[in-house]
Amino acid sequence: MATATFTVSPSLSLNHHRSLVPIQRGVSLNSRIGVPTRFSSNGFTSRIRATSAVAVEPELRTPAQDVTEAELFACPICYEPLIRKGPSGFNVPAIYRSGFKCRKCNKSYSSKNIYLDLTVTSGTKEYNESKPTGTELFRSPVVSFLYERGWRQSFNRGGFPGPDEEFNMAQEYFQVAEGGILVDVSCGSGLFSRKFSKSGVYSRVIALDFSENMLRQCYEFIKADESILSSNLALVRADVSRLPFFSGSVDAVHAGAALHCWPSPSNAIAEINRILRSGGVFVGTTFLRVNPSAPPILRALQQSATRTYSFFTQEEIEDLVTACGLVNYTSKVQGGFIMFSAQKR
């Protein structure tokens, strides 16, 4: 029988301490833990006394409490954590030189294309799965190249306040996730992924997109900035409806100007709800279907674009988000732009 006392510094966030009690395969742990905790706006102070003996099965592991560097990514087929072989570290060069394998189904995943491919079809030679027009458009190398060279800037005509202001707005919602893991889904060329990484607020940032060319373009921007290249940022190719993380392992999810491009927004938000820890935050932006302040010609063009994209009303977005199990929904609207936020129950 062993007794251990851990004292957590007030200056550190709860999210930094998910691995106080490491879990290893083949060895299980029975713990009786009392946690008197005092929370404050600057962090928390706690004193933990643990009495442990070998007894409990590994299935009792709580993912949100022991996310390690090696176990952050999960197999998109069976959602088991991946075994990593390669150099340590969570950054683009280290992950690029690593190999990943599912411990359950034995499927291997590589990062030979700069990004780590965690799609179900990863490694296939002949089969290439196509997506709806709105998704396939952004897989084009031309669109990927132009995205930060004029395409994204045109969004201000629809009411978007601009990347800097959008980032600041999102950061307000993400305050409860400081020190945690943030996934930027449908990251495109990494415009916001880079901002989240450079902020130094999050322990790890994952730039995730289905488009191979968007991720390659993201890398071109990253390699030009050594501070980002060596930072806590990873590039991952994945389907937003099949996110490669195990349940309750992520603190924050961001989706900038993406909801209207997803083949199934309901499936995507349900997946986001699954991977978020309790209290985790989802923040998204998109165009509204009706922008009353837009000139008639722009409204006509937007109506035409609904054949390619799925635009929503404010009420429909709230209904969709809450139907997928998220709570504490709130939103900010500016013309045809909406930023919304919700939390995992």
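Keep in mind that what you see is a predicted model, and the values were worked out from it rather than measured.
- For residues 335-345, the side chain to side chain donor-acceptor pair (under 3.5 Å) pairs, not counting sequence neighbours, are N328-Q343.
- Closest approach of Y115 to V236, counting heavy atoms only: CB-N, 4.5 Å.
- Taking 4.0 Å as the cut-off between side-chain N and carboxylate O, E271 and R242 do not count as a salt-bridged pair.
- Residue I206 holds its CD1 atom at 7.5 Å from CG of L182, rounded to the nearest 0.5 Å.
- Looking at Y109 and P244, their side chains never come closer than 4.5 Å, going by heavy atoms from C-beta outward.
- Judged by distance alone, the side chains of N213 and S211 never bring a donor and an acceptor atom under 3.5 Å apart.
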Query - Evaluation steps, side chain to side chain contact (heavy atoms under 4.5 Å, CB included), between I95 and F90 - result: CA-CA 7 Å; I95 292 175; F90 192 89; 4.0 Å; yes
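- Heavy atoms from other residues, nucleotides or ligands lying under 6.0 Å from NZ of K198 number 12 at most.
- The two residues P265 and F312 have their closest heavy-atom pair at CG-CZ, 3.8 Å.
- Checking S264 against S241 by side-chain atom types alone, no donor-acceptor pair falls below 3.5 Å.
- F192 is linked by a ring pair (Phe, Tyr, Trp, His ring centres under 6.0 Å) to H254, counting only residues two or more places apart in sequence or in another chain.
- The neighbour count for Y173 OH, taken as heavy atoms of other residues, nucleotides or ligands under 6.0 Å away, is above 12.
- For an aromatic pair to be called close, the ring centres must be under 6.0 Å apart, and F340 with F282 satisfies this.
- Side-chain heavy-atom separations under 4.5 angstrom define the hydrophobic clusters, and V327 shares its cluster with no other residue.
- Hydrophobic cluster of F210: no remaining members, since no ILVMFWY side chain lies below 4.5 Å from it.
- Rounded to the nearest 0.5 Å, atoms OG (S110) and CZ (F100) are 10.0 Å apart.
- Across E80 and C102, no two heavy atoms sit closer than the pair CB-SG, 4.0 Å.
- Between E166 and K195, none of the side-chain N atoms (NZ, or NE/NH1/NH2) sits under 4.0 Å from a carboxylate O, so this pair counts as no salt bridge.
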Query - Residue pair L215, I114: steps toward the side chain to side chain contact (heavy atoms under 4.5 Å, CB included) verdict - result: CA-CA 8 Å; L215 290 169; I114 299 171; over 6 Å; no
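- Atom CD1 in I181 sits 10.0 Å away from atom CZ in R277 (nearest 0.5 Å).
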Requested in this report: Go through C75 and L82 one step at a time and tell me if the side chain to side chain contact (heavy atoms under 4.5 Å, CB included) criterion holds.
Outcome: CA-CA 6 Å; C75 174; L82 299 178; 3.8 Å; yes
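- Pairs passing the salt bridge (Lys or Arg N to Asp or Glu O under 4.0 Å) check and including a residue from residues 311-321, sequence neighbours excluded, read R289-E316.
- With sequence neighbours excluded, no residue satisfies ring pair (Phe, Tyr, Trp, His ring centres under 6.0 Å) with Y329.
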